[in-house]
Amino acid sequence: MFGPPSDPITPYRAPDADRPIPASRVRPRQTRRQAGLSIGLRRIIVLALNLGTIAGLGTALFLLLGSDGIGLLDAVIFSGFLLATPWTVLGFWNAVIGLCVIHFGRPEASVHPYFAVPGDRSGGESADDTPLASRTDLLLFLRNEAPEPIFARLEAMRRSLESTGKARHFRFAILSDTSDPMVAAAERLEFNRFAHLYEGRPQTEQPVYRRRTDNAGFKAGNLRDHLLSWPGESDFFLPLDSDSVMGGRMIVRMVEAMEANPQIGILQSLVVGMPAESGFARLFQFGMRHGMRSFTMGSAWWSADCGPYWGHNALIRTRPFVAACELPVLPGRAPLGGHVLSHDQLEAVFMRRADYEVRVIPVETRSYETNPPTLLEFQKRDLRWCQGNMQYFRFLFAPGLKPVSRFQILQAILMYVAPLAWIAMTIAATAKALVGGYDASMLVLGMGLFVTLFAMSVAPKIAGVLDVLLTPGAVRAYGGAPRFLASALIELLASMLMAPIVAVYVSVFLVGLCFGQTVLWNGQNRDRLGVPWTTAIAALMPQTLLGLGLTAALAFGASLSAVVLALPFLAGLVLAVPFTVATAAPVFGRLTARLGLFAIPEETVMPPVLRAVVPAAARRWRRPVGRSGATGPALAGEDAEGERA
């Protein structure tokens, strides 16, 4: 069932920016307006859909709770529902709208006319034929991480840019906030090797390395220090995380789009995970991969010029960013005072306040990152974002912001308030089932809320599955129908297990913020596998105790049937430790890679920019294909179709 394919795979390529457009379809550059419904009408439609859905669900819940009067537990349930629902409902409608736009609309005209990709019916320009008139800095940020794999990814990007013939318009700058002297020495050594490749080039193309001894302002502070130190040196800059990889042709196309559309201040690419050895990373990014296309397309359909910025793999116009996007230092001390941790969304709304558009490219391109290899590493990153988003409260009423920008700030806050509300709502519903005797209807209500919200929360993944099934050749790119459908089902079950785990650690952290708990910005583990049992037990004790406590309460205070009804919620909590250990185990990663479970299209046809940075162990299910006779561009050029993994 999961062995190597018996017949050749037809490479599937989603609309992809690194493939050259035929010269016959090249058109003069021009700023194109969005076709279809006006942006204002789109936003009214989305607002009506969301408010209608929330009102309908809320009314049904209120009628159920109010059948015997509204008590304290009822108020907790209803309040939690209202806080947890908006984020989930919005994701549901984004996915539905995006799926419809992709398969029944013309997104190249109605959603992203500012960025032409191969396959667009509206045509586009050739990255080979269009001269560039700008300079772009590629900024890589480092903080106490092993530099060898980072510079290997950087070298892959350098080769990819060289293949476009336009590398002279770009300069790499490595901006380090590393505090460990041993890591700093290794960084410098790797940089010197990298810089050696530029010997004899003009000074404007020479890479730059700068290390701060004081990391004030974290990544945003490092960026501003660099931009102020090199005023007027670049027209655009492209921030890269230490795990970022982007194809050269993709970068050139983004620059072309910015040159042709001077009203755009930030152009964000759709970032996807690259093939991974870690079983947890494979599991996580498989669900994100097919789910992000519909979700992002739907969001871009209505957010339009108030799009997202995710802090990396985005092209930014330098002068307005320096003039308009400086982050203030918040009054008070950490965790909610001081420098802002989550800088990206605030920089996006400030750029929009300056009357520059923030746009996202809602299609797959050669824009990659790695994902955390274990659930505990995912938790560390998530809580850092959580603390940063909680600082956004101070910006809700900042002067001059667009209405959609204020909503995006509120949305970012609710994204992390929702899990706490969800936990409170579920516990209150369970308590209501036990108070005054077991009432199965109340327990069914509590678990029904859990299942309903969970189903709506995974709507982007379901839409993504439908998208793959409806797109010719896409199923084969994911390894064939049996492999793809089995992976989708397993990933959906794993998401159900992860949902309460994530909700509990976010809830515990939010409570801790009130008492001064904070996170540190430091290097991340991006490739080490395995989590010891003792570490998992210590980290996930709250989930385990809550799960066992609720199970015991229902088993002894209600009945066995109550435990069965609550199983979708309880299983994730009770199994939190073994789930974390198992998904982090090297053997799990090897097994999923060998079987081709959670495979992504790059494991079928490997893009040239990833060949040197993706280990063979991440794509072991593919039978090696001989490349006899392949020379020149087929081996190194970004215009090649890619190689079979």
Are any non-hydrogen side-chain atoms of [X] and [Y] less than 4.5 angstrom apart?
{"X": "Asn192", "Y": "Arg188", "value": "yes"}
{"X": "Phe218", "Y": "His343", "value": "no"}
{"X": "Glu187", "Y": "Ile174", "value": "no"}
{"X": "Met606", "Y": "Val614", "value": "yes"}
{"X": "Leu327", "Y": "His339", "value": "no"}
{"X": "Phe295", "Y": "Pro362", "value": "no"}
{"X": "Phe280", "Y": "Thr580", "value": "no"}
{"X": "Val245", "Y": "Met157", "value": "yes"}

Over all atoms of both residues, closest heavy-atom pair of [X] and [Y]:
{"X": "Pro372", "Y": "Ala281", "result": "O-CB, 3.7 Å"}
{"X": "Gly287", "Y": "Lys461", "result": "O-CG, 3.8 Å"}
{"X": "Val360", "Y": "Ala300", "result": "CG1-CB, 3.7 Å"}
{"X": "Gly388", "Y": "Leu341", "result": "CA-CB, 3.8 Å"}
{"X": "Ile266", "Y": "Met258", "result": "N-CE, 4.5 Å"}
{"X": "Thr164", "Y": "Arg249", "result": "CG2-N, 3.7 Å"}

Under the 3.5 angstrom rule, does the side chain of [X] hit a backbone N or O of [Y] as a donor-acceptor pair?
{"X": "Glu277", "Y": "Gly589", "answer": "no"}
{"X": "Gln268", "Y": "His312", "answer": "yes"}
{"X": "Arg153", "Y": "Ser242", "answer": "yes"}
{"X": "Arg143", "Y": "Asp177", "answer": "yes"}
{"X": "Thr178", "Y": "Asp180", "answer": "no"}
{"X": "Arg171", "Y": "Val208", "answer": "no"}
{"X": "Glu256", "Y": "Leu132", "answer": "no"}
{"X": "Arg317", "Y": "Ile264", "answer": "yes"}
{"X": "Asn222", "Y": "Arg212", "answer": "no"}
{"X": "Ser160", "Y": "Gly247", "answer": "no"}

Listed partners of [X] passing side chain to side chain contact (heavy atoms under 4.5 Å, CB included), at least two apart:
{"X": "Val502", "value": "Phe378, Asp382, Met498, Tyr505, Val506"}
{"X": "His226", "value": "Asp137, Leu139, Ala173, Leu175, Arg210, Trp230"}
{"X": "Ala185", "value": "none"}
{"X": "Phe286", "value": "His290, Tyr478, Phe484, Ser487, Ala488, Glu491, Phe598"}

Requested in this report: Check step by step if ring pair (Phe, Tyr, Trp, His ring centres under 6.0 Å) holds for Phe321 and Phe237.
Outcome: CA-CA 10 Å; Phe321 184 90; Phe237 68 91; 5.1 Å; yes

In Å and rounded to the nearest 0.5 Å, what is the [atom1] to [atom2] distance from [X] to [Y]?
{"X": "Ile251", "Y": "Ser367", "atom1": "CD1", "atom2": "OG", "result": "8.5 Å"}
{"X": "Asp344", "Y": "Cys325", "atom1": "CG", "atom2": "SG", "result": "11.5 Å"}
{"X": "Leu346", "Y": "Glu326", "atom1": "CG", "atom2": "CD", "result": "13.0 Å"}
{"X": "Ser495", "Y": "Leu283", "atom1": "OG", "atom2": "CG", "result": "6.5 Å"}
{"X": "Tyr309", "Y": "Gln345", "atom1": "OH", "atom2": "CD", "result": "11.0 Å"}
{"X": "Asn371", "Y": "Arg282", "atom1": "CG", "atom2": "CZ", "result": "12.0 Å"}

Requested in this report: List in chain and number order the residues that pass salt bridge (charged side-chain N to carboxylate O under 4.0 Å, His left out) with Glu148, two or more places apart in sequence or in another chain; answer none if no residue qualifies.
Outcome: none

Query raised in the report: Got a sec, which residues hit salt bridge (charged side-chain N to carboxylate O under 4.0 Å, His left out) with Arg289, two or more places apart in sequence or on another chain?
Result: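 With sequence neighbours excluded, Arg289 shows a salt bridge (charged side-chain N to carboxylate O under 4.0 Å, His left out) to Glu364, Glu602, given in chain and number order.
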
Check this for me: does any side-chain nitrogen of one of [X] and [Y] sit under 4.0 Å from a carboxylate oxygen of the other?
{"X": "Glu155", "Y": "Arg159", "result": "yes"}
{"X": "Lys219", "Y": "Asp241", "result": "yes"}
{"X": "Asp235", "Y": "Arg135", "result": "no"}

Can you list everything that forms a side-chain hydrogen bond (donor to acceptor under 3.5 Å, both in side chains) with [X]? Sequence neighbours excluded, please.
{"X": "Thr535", "value": "none"}
{"X": "Glu199", "value": "His196"}
{"X": "Asn389", "value": "Ser342"}
{"X": "Glu190", "value": "Arg193"}

Query - Working for side chain to side chain contact (heavy atoms under 4.5 Å, CB included), residues Met246 and Asn313 - result: CA-CA 7 Å; Met246 296 184 70; Asn313 294 37; 3.6 Å; yes

Requested in this report: May I have the step-by-step check of salt bridge (Lys or Arg N to Asp or Glu O under 4.0 Å) for Glu162 and Arg201, ending in yes or no?
Outcome: CA-CA 13 Å; Glu162 292 287 351; Arg201 297 284 189 91; 2.7 Å; yes

Query raised in the report: Does the side chain of Ser179 pick up a donor-acceptor pair with the side chain of Asn144 at under 3.5 Å?
Result: yes

Query raised in the report: Regarding Ser269 and Thr365, is there a side-chain donor-to-acceptor distance under 3.5 Å anywhere?
Result: no

Requested in this report: Any pair with a residue in residues 143-176 that passes ring-ring contact (aromatic ring centres under 6.0 Å, His included), sequence neighbours left out, goes on the list, sorted by first then second residue, please.
Outcome: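 Sorted result for residues 143-176: Phe172-Phe194.
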
Requested in this report: Kindly write out the residues that satisfy ring-ring contact (aromatic ring centres under 6.0 Å, His included) with Tyr209, not counting sequence neighbours, or none if the list is empty.
Outcome: Phe191

Report task. Determine, step by step, whether Glu145 and Val183 satisfy the side chain to side chain contact (heavy atoms under 4.5 Å, CB included) criterion, reporting the C-alpha distance in whole Å, the side-chain angles of both residues, the deciding distance to 0.1 Å, and the verdict. Result -> CA-CA 7 Å; Glu145 296 189 45; Val183 176; 5.9 Å; no

